[in-house]
Amino acid sequence: MTTPVPGPVRPPATVRPDDARRALVAGSVGNFIEWYEFGIYGYFATVIAVQFFTPDGGSEVEGLVTAYASFAVAFFFRPVGAAVFGRFGDRVGRRPALVVVVSLMTGATTMIGLLPTYASIGAAAPWLLTLLRILQGLSAGGEFGGAVSVMTECAPPGRRGLYGAWQSFTVALGLLAGAAVAVVLASVLTASQLHGWGWRVPFLLTLPLGLVALRLRLRLPPDEPAALAPSAPAPFAPAPFAPAPFAPAPGGRAKGGAGPEGGARPRPGETGRAVVLGVGRMMGWSAAGYTFLVVMPSYLQSTLGTTFQRALLGTVLANLGFAASILPAGRLSDRLGRRTVMVVGALLIAALALPLLHLVQDPGAPGYAKGAALFAAGAGVGLMAGPGPAMLAEMFPARVRCTGLGLAYALSNAVFSGCAGLIITEVVARTGNVDVPGYYAAATCAVSVAALLTLRGDDHERALR
C-alpha cells in the first residue's frame, strides 16, 4: 500500500446529533459487557479456584492465588490486543474494529460458562480456562481504544469529558451488574448448587448481551480510517490538528513528515513516550479501582473471614460510590480541566486508603460506617475514572489514537489491575499484614499525582488533534 500524498487540513466535521448518540451507546455497551465479565470472574474467584485450580490436597489460598494468576494473564494480553486492534482501528476504521472485538469477547466469555471443570477433565481444565482468558484479554485490549476514540471524536464541543466518562460509567454499571447477579445467585442457591452449576449462569448471560452490542455496532455509520481519511468530512472525523507536541506549528511542518490531514506523523519514540506517560497518569486509577471494586470480596473473605454475601454487599457499595462520581467528574473536567479533577481524586485515595481500610477491618465499627468507607473509596476512584478517557484521547493525534490510548490503558491495567488480586493475596499470605491493599492503592495514586501534574491546564479546551 502506498503512502497517501499529504493534503490540506480538513475542515472540522459536523457530527449529527443522532450519530453522536448512536456512537455513545454503541461505544459504551461493549465496555459494559467487558467489565461485567471481568467483575464476575473476580467476584467468583473463590468458586473458580475450587472448580479449576485446586487439585486434591491443595490449600484454599493456593487455589485463589492460581485463579488470580489466570486473571492476570488475561490482562497481560490486553496490550497485545490494544496494539493489534488499535492499529486495525486506525488503519481500517473504528466500526470494524469494534465489531470484531465485541464478537471475540462474547464468544470467549460464553465458552467459560460451558467449560468442563478440573473434576471432569483434569489438568486440561485450567489450561482451557486460561486460553479463554487470553482471548478475552485480546478483545478487551482492543475495546477501549476504539470505543473511547469514537465517543470522544463525536462529542459536541465542550462535552468531551462527559462523553468519555460514559466509558468509565459503563465500567461501573458492568461491575454492579456482575455483583448483583452474584448476590442473587448466592442468595437463592445453596453452596453446593453455586459450586456445581450456579457459577456458570453469569458467564452464559453474556451471550444475549453480546448479541445486542453487536447489533448496535453494526448500525454505526461507516467511519473512515484516521490514517487514510480524505479531505472531506467523515462521520467520526476529529477536528483538525492543533499546535501541540505531535502537530506542526502554523505554516510549518513537524519532524517526521505530514500525514494526509496536514498534521504531523508522530515518530514511534514520541508515541512511546506518550504511552509511558499515560500509564503513569492511569496507574492509581487502575490499582485503586481493582483493589476496592473487584478484589475486595475475596480479600474480605480470605483475610477477614467475611461471608460471601456480606463481602459482595460491601463491593456493591464501593461500586455505587464509583458510579455516582464518574459522570459529574467528567462534566466537571470539561469546566475545570482534566488535571484538577484527577489530581484531587488521586490525592484523596493516597491520603485515605489506609484509614478507610482500617475502618473496614475494625470488628467494632458499625456496618453503616464500613459501608460509607467503601462508598467513599469508590467515589475517589471515580474522580480519576471520569475524566480519564478524554485525558488519554487528548494525548494522541487521530493517526495513532486507537493504538496509543489503547496501549496506555492496557499496559496500566495489565500491571496494576491484573496483578492486584495476585499481589495482594500473595503478600498478605506471606507477611500476614492485612494493610497491603491500602498501601498498594496509596502508593500507586501518589505516583499518579506526579504524572498528572504534567498535564496542561487547558487541554480540555483544545481541539482533538
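Numbering starts at 1 and runs along the sequence shown.
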* Asked: Mind checking whether Tyr163 and Thr152 have side chains closer than 4.5 Å, heavy atoms only?
  -> no

* Structure fact -> dist Gln136:CD -> Thr206:OG1 (nearest 0.5 Å) comes out at 8.0 Å

* Could you tell me which residues satisfy side-chain hydrogen bond (donor to acceptor under 3.5 Å, both in side chains) with Asn433, sequence neighbours excluded, listed by chain and number? => none

* Please check if the side chain of Ser333 supplies one atom and the backbone of Gly330 the other of a donor-acceptor pair under 3.5 Å. => yes

* Kindly give the heavy-atom pair with the smallest separation between Val343 and Leu452, and that separation in Å. => CG2-CB, 3.7 Å

* Using a 4.5 Å cut-off on heavy atoms from C-beta on, say whether the side chain of Ser149 contacts that of Leu405. => yes

* To do: Enter the distance from Tyr290:OH to Thr444:OG1 here, rounded to the nearest 0.5 Å.
  => 14.5 Å

* Structure fact -> Output for pair (Leu354 CG, Tyr440 OH), nearest 0.5 Å, gives 14.5 Å

* Kindly indicate whether the side chain of Val99, heavy atoms from C-beta on, has any atom under 4.5 Å from the side chain of Leu214. => yes

* Structure fact -> Correct closest heavy-atom pair for Ala179 and Val316 would be CB-CG2, 3.6 Å

* Please name the pair of heavy atoms, one in Thr315 and one in Leu293, separated by the smallest distance, quoted to 0.1 Å. => CG2-O, 3.2 Å

* Asked: Quick one: does Phe88's side chain get under 4.5 Å of Cys402's, heavy atoms only?
  -> no

* Without swapping roles, check the side chain of Asn31 against the backbone of Thr170 for a donor-acceptor pair under 3.5 Å. => no

Under 3.5 Å, which donor-acceptor pairs do the side chains of residues 371-397 form with other protein atoms, sequence neighbours left out?
residue : atom : partner : partner atom : Å
Glu394  : OE1  : Arg338  : NE           : 3.3
Glu394  : OE2  : Arg160  : NE           : 3.0
Glu394  : OE2  : Arg160  : NH2          : 3.0
Glu394  : OE2  : Arg338  : NE           : 3.2
Glu394  : OE2  : Arg338  : NH2          : 2.7

* Asked: What is the minimum heavy-atom distance between Gly210 and Thr106, and which atoms define it?
  -> CA-OG1, 3.2 Å

* Where do Leu162 and Leu327 land on the side-chain contact (heavy atoms from CB on, under 4.5 Å) test, with the steps shown first? -> CA-CA 6 Å; Leu162 178 61; Leu327 294 181; 4.2 Å; yes

* Given side-chain contact (heavy atoms from CB on, under 4.5 Å), test Val279 with Phe416 step by step and report yes or no. => CA-CA 10 Å; Val279 170; Phe416 302 106; 4.2 Å; yes

* **Approximate separation, where rounding is to 0.5 Å, of Arg215 CZ and Leu218 CG** => 10.0 Å

* To do: Run the salt-bridge test on Asp90 and Arg87 with the 4.0 Å N-O cut-off and return the result as yes or no.
  => no

* Just do the side-chain contact (heavy atoms from CB on, under 4.5 Å) check on Leu411 and Arg78 with the steps written out, would you? => CA-CA 7 Å; Leu411 286 169; Arg78 290 177 72 159; over 6 Å; no

* Is there side-chain contact between His358 and Asp435, with at least one heavy-atom pair below 4.5 Å? -> yes

* Structure fact -> Between Thr109 and Phe203, the two heavy atoms sitting closest are O-CB, 3.7 Å

* Arg94 bridged to Glu143 by N-O distance under 4.0 Å -> no

* Separation of Ile112 CD1 from Leu135 CG (nearest 0.5 Å) -> 9.0 Å

* Asked: Among pairs that include at least one residue of residues 276-289, which meet side-chain hydrogen bond (donor to acceptor under 3.5 Å, both in side chains), considering only residues two or more places apart or in two chains?
  -> Arg281-Thr454, Ser286-Ser412

* Passes side-chain contact (heavy atoms from CB on, under 4.5 Å), Leu320 versus Leu176? Steps please. -> CA-CA 7 Å; Leu320 285 173; Leu176 282 170; 4.0 Å; yes

* Asked: Judged by atom type as modelled, is there a donor-acceptor pair below 3.5 Å linking the side chain of Lys370 to the main-chain atoms of Gly314?
  -> no

* Structure fact -> Scanning both residues in full, the closest heavy-atom pair of Ala350 with Ala442 reads O-CB, 3.5 Å

* Donor-acceptor contact present, side-chain Ser325 to main-chain Phe322, <3.5 Å -> yes

* **Residue pair Ser448 / Met282, side-chain heavy-atom distance below 4.5 Å** => no

* To do: Would you kindly say whether Gln167 and Ser28 are connected by a side-chain donor-acceptor distance under 3.5 Å?
  => no

* CG-SG distance between Leu352 and Cys445, expressed to the nearest 0.5 angstrom -> 10.5 Å

* Asked: So do the side chains of Arg217 and Val101 get within less than 4.5 Å of each other, counting heavy atoms only?
  -> yes

* So do the side chains of Leu24 and Cys154 get within less than 4.5 Å of each other, counting heavy atoms only? -> no

* To do: Check for a donor-acceptor pair, side chain of Thr340 on one end and backbone N or O of Gly337 on the other, with a separation under 3.5 Å.
  => no

* To do: Would you please classify the geometry between the Phe32 ring and the Tyr36 ring as parallel, tilted or perpendicular, with 30° and 60° separating the classes?
  => parallel

